[in-house]
Every structure is written in C-alpha cells, then in structure tokens.
Amino acid sequence: MPTTAPLPASGTDPDGTAVIRALSYNVRSLKDDTDALARVLTACAPDLVLLQEAPRFFRWRKKLARVAAASGLVMLSGGGTAAGPALLCSLRATVERTEDVLLPLAPGQHRRGLATAVVRFGGARLGVLSCHLSLQERERYEQGGLLLDRVAALGTPHVLAGGDLNEDPAGRTFRRIAAELRDCRTVAPWGEEHTWTRTEPHSRIDALFTSKGVEVLGCGVPLGHPGVSERDLRAASDHLPVLAALRLPPTG
C-alpha cells in the first residue's frame, strides 16, 4: 500500500552512499502559473528534475533558467535542443557530461528528443534521461526501444530515466521499459498515483525508472507533501509531478 510518510531528505553518508530526490514533471511549456511551479519544485527539494514540454522556442533558455533559479536549481541539459525534455539539478550534483538527442521524425508528428546527462552524487555515478514519448502507439513503441539503447550507451552503473510516456503501465511501451528498468512507483509506492487527472479515467502516464542496485525509498505524486498544495499543483501544469527518493550505492 502507498505510504504518506515524509520522504527521506537528501544527504551523503561517509562511505559515499547518496540519498537523492528526483522529480519528473511535464510543465506544458511554462504556459501556466510559473510561481506555483517554483513553489512545488522548492517544496519537493529535488536534486534532479526531469522536465517534459520545457520551452523550445523564443528565449527558451531564459525562461527555463528563470524557473530553475526561482527553485534553487540550475539548468543541466535539454530544452529547445532536445525538442522539449530538459534536466535541472541542484548544486549537489557534479556534472560529468550532457548530451541532447533528437529522435527520428515521423511524418506529420512532433519532433521528439531525449535530454541526458552523467552526474555524481557523493561516491555514486548516475546516468539520467528525460523523455516525452509520442502520442502514436507505433512510434511510441519504437521510441521506447531507442530510450533503452540510449540508457545502455550512458555506460553508468546506476541509471534514472523518466518522463511523460503518454500511456499507462498496461501499455506495451511502458511494459517494454519496465522489463529492463524498475518502475519506481511499483517498487515503493508513496503519495498519490495518477499523474493525469484532467479527463476520465485518471491515469498514470508519467513515471520514473531506475536500474538494479538503486534502492527506491518512495515514489509518487507529492500531493500532501509538506509545502505542496493541491492549488499549486493544479495551477502549475495540466500534469501532476512524480517525486522519488533514491539511495545510490557508491560506485568508485
């Protein structure tokens, strides 16, 4: 059963083990209340933020940097150069490298991409990937395979991938990813479940996945988390975010 107990705070143990918080959030190109969004991000205190539908066009870097700064975060990668997915991080992260990847463009569809990075927290090295998959089932399934290929290419002992999958856990693309990576919500349910509640039926189409060896301490929509109000969540975006706490063993 899901728990509503507070998630562990971020920190690093003497042996290099790191506890981090990660958040995945479709922010609808920052068209909604960015002050509410900044309040949600600040209250969740994430070390990594995997964004989808980040600004892509006019002055997109400035818009993204403004939200990051208002939340005590910095830009890591993505945005316009990844066709929407982006990564933010706290100053705890030591950045090794970043790469934005554009996926093949299907005729008549939106351009899709991946924002990726390799970072360190304490003694742990982590590959990170943010995605926003297609609305079209066949293209989405192909993109799921490309996502897994890119995860493998990161070459890190630990991996965190997530984003807006545009389908729920019963979908074949969701299942394809979950067969290779662990669905954090399934491993350690916490908070609320559904990330899309604007239409019926409500569903969980946003998710975080991690590799074996990473301990999932809790994962879910942070409704009821200290400092996170339902009013701000409704004002910040049409999606609800997914927050997870993870324990990363040192990797040398």
* To do: Check side chain to side chain contact (heavy atoms under 4.5 Å, CB included) between R111 and all other residues, then give those that pass, not counting sequence neighbours.
  => A83, L102, L105
* **side chain to side chain contact (heavy atoms under 4.5 Å, CB included) involving T81 - partner list, sequence neighbours excluded** => W60, R61, D100
* Does any N or O in the side chain of R150 come within less than 3.5 Å of the main-chain N or O of V101, such that one atom is a donor and the other an acceptor? -> no
* Are the side chain of E99 and the backbone of A115 linked by a donor-acceptor contact shorter than 3.5 Å? -> no
* Asked: For atom CZ of R198, is the number of surrounding heavy atoms from other residues, nucleotides or ligands below 6.0 Å larger than 12?
  -> yes
* Structure fact -> Those residues at least two apart in sequence (or on a different chain) that pass side chain to side chain contact (heavy atoms under 4.5 Å, CB included) with V159 are V151, T156, S211
* Asked: Counting N and O atoms only, with roles assigned by atom type, does the side chain of T195 sit under 3.5 Å from a partner on the main chain of I205, one being a donor and the other an acceptor?
  -> yes
* To do: Hey, could you give me the CZ/CG distance between R112 and L146, rounded to the nearest 0.5 Å?
  => 13.5 Å
* Structure fact -> The side chain to side chain contact (heavy atoms under 4.5 Å, CB included) partners of A207 (sequence neighbours excluded) come to F174, D183, R204, F209
* Asked: Is there a donor-acceptor contact under 3.5 Å from the side chain of E180 to the main chain of A178?
  -> no
* Asked: Can you tell me how far CD of E193 sits from OG of S203, rounded to the nearest 0.5 angstrom?
  -> 9.5 Å
* Do H202 and W196 have ring centres separated by under 6.0 Å? -> no
Under 3.5 Å, side-chain donor or acceptor atoms of residues 86-95 against the rest of the protein: list the pairs with distances, not counting sequence neighbours.
unit_1, atom_1, unit_2, atom_2, d
S90, OG, D47, OD1, 3.2
S90, OG, R92, N, 3.2
R92, NH1, V19, O, 3.0
R92, NH1, D47, OD1, 3.3
R92, NH1, D47, OD2, 3.3
R92, NH2, G11, O, 3.2
R92, NH2, T12, OG1, 2.9

* Asked: How many angstroms lie between CG in N166 and CG in D206, if you round to the nearest 0.5 Å?
  -> 8.0 Å
* Asked: Below 4.5 Å, heavy atoms only, C-beta onward: do E137 and R172 meet side chain to side chain?
  -> yes
* Asked: Between the main-chain N or O of N26 and the side-chain N or O of S237, is there a donor-acceptor pair closer than 3.5 Å?
  -> yes
* To do: Measure the CG-CG distance between L48 and L73 for me, rounded to the nearest 0.5 Å.
  => 9.5 Å
* Is a donor on one side and an acceptor on the other found under 3.5 Å between the side chain of R140 and the backbone of L135? -> yes
* Is there a chain of hydrophobic side chains (I, L, V, M, F, W, Y, each step under 4.5 Å between heavy atoms) that links L165 to L129? -> yes
* Where the side chain of T17 meets the backbone of D13, is there a donor-acceptor pair that is under 3.5 Å apart? -> no
* Asked: R39 and S71: side-chain donor and acceptor closer than 3.5 Å?
  -> no
* Kindly compute the distance separating CG (L243) from SG (C44), expressed to the nearest 0.5 Å. => 4.5 Å
* To do: May I ask whether Y25 and V67 are part of the same hydrophobic cluster, defined by side-chain heavy atoms of I, L, V, M, F, W, Y residues being less than 4.5 angstrom apart, directly or through others?
  => yes
* Asked: Would a hydrophobic clustering, with Ile, Leu, Val, Met, Phe, Trp and Tyr connected at side-chain separations under 4.5 Å, put L51 with V128?
  -> no
* When hydrophobic residues are tied together by side-chain contacts of less than 4.5 Å, even through go-betweens, does L64 share a cluster with L23? -> yes
* Please check if the side chain of D33 supplies one atom and the backbone of D35 the other of a donor-acceptor pair under 3.5 Å. => yes
* Asked: So L217 and R247, side chain to side chain contact (heavy atoms under 4.5 Å, CB included) or not? Walk me through it.
  -> CA-CA 7 Å; L217 304 174; R247 181 176 285 116; 3.4 Å; yes
* Is it true that a side-chain atom of Q143 and a backbone atom of S134 form a donor plus acceptor pair closer than 3.5 Å? -> yes
* To do: Could you check E96 against R125 for salt bridge (charged side-chain N to carboxylate O under 4.0 Å, His left out), going step by step and ending with a plain yes or no?
  => CA-CA 9 Å; E96 287 192 10; R125 188 164 174 259; 3.0 Å; yes
* Does L30 offer a backbone N or O that forms a donor-acceptor pair with the side chain of T34 under 3.5 Å? -> no
* Could you give the distance from NE2 (H225) to CG (L223), rounded to the nearest 0.5 Å? -> 11.5 Å
* **Partner set under ring-ring contact (aromatic ring centres under 6.0 Å, His included) for H158, not counting sequence neighbours** => none
* Go through the steps for L76 and T98 under the test side chain to side chain contact (heavy atoms under 4.5 Å, CB included), then give the verdict. => CA-CA 7 Å; L76 181 53; T98 65; 3.8 Å; yes
* Any chain of hydrophobic side-chain contacts (each under 4.5 Å) joining L50 to V27? -> no
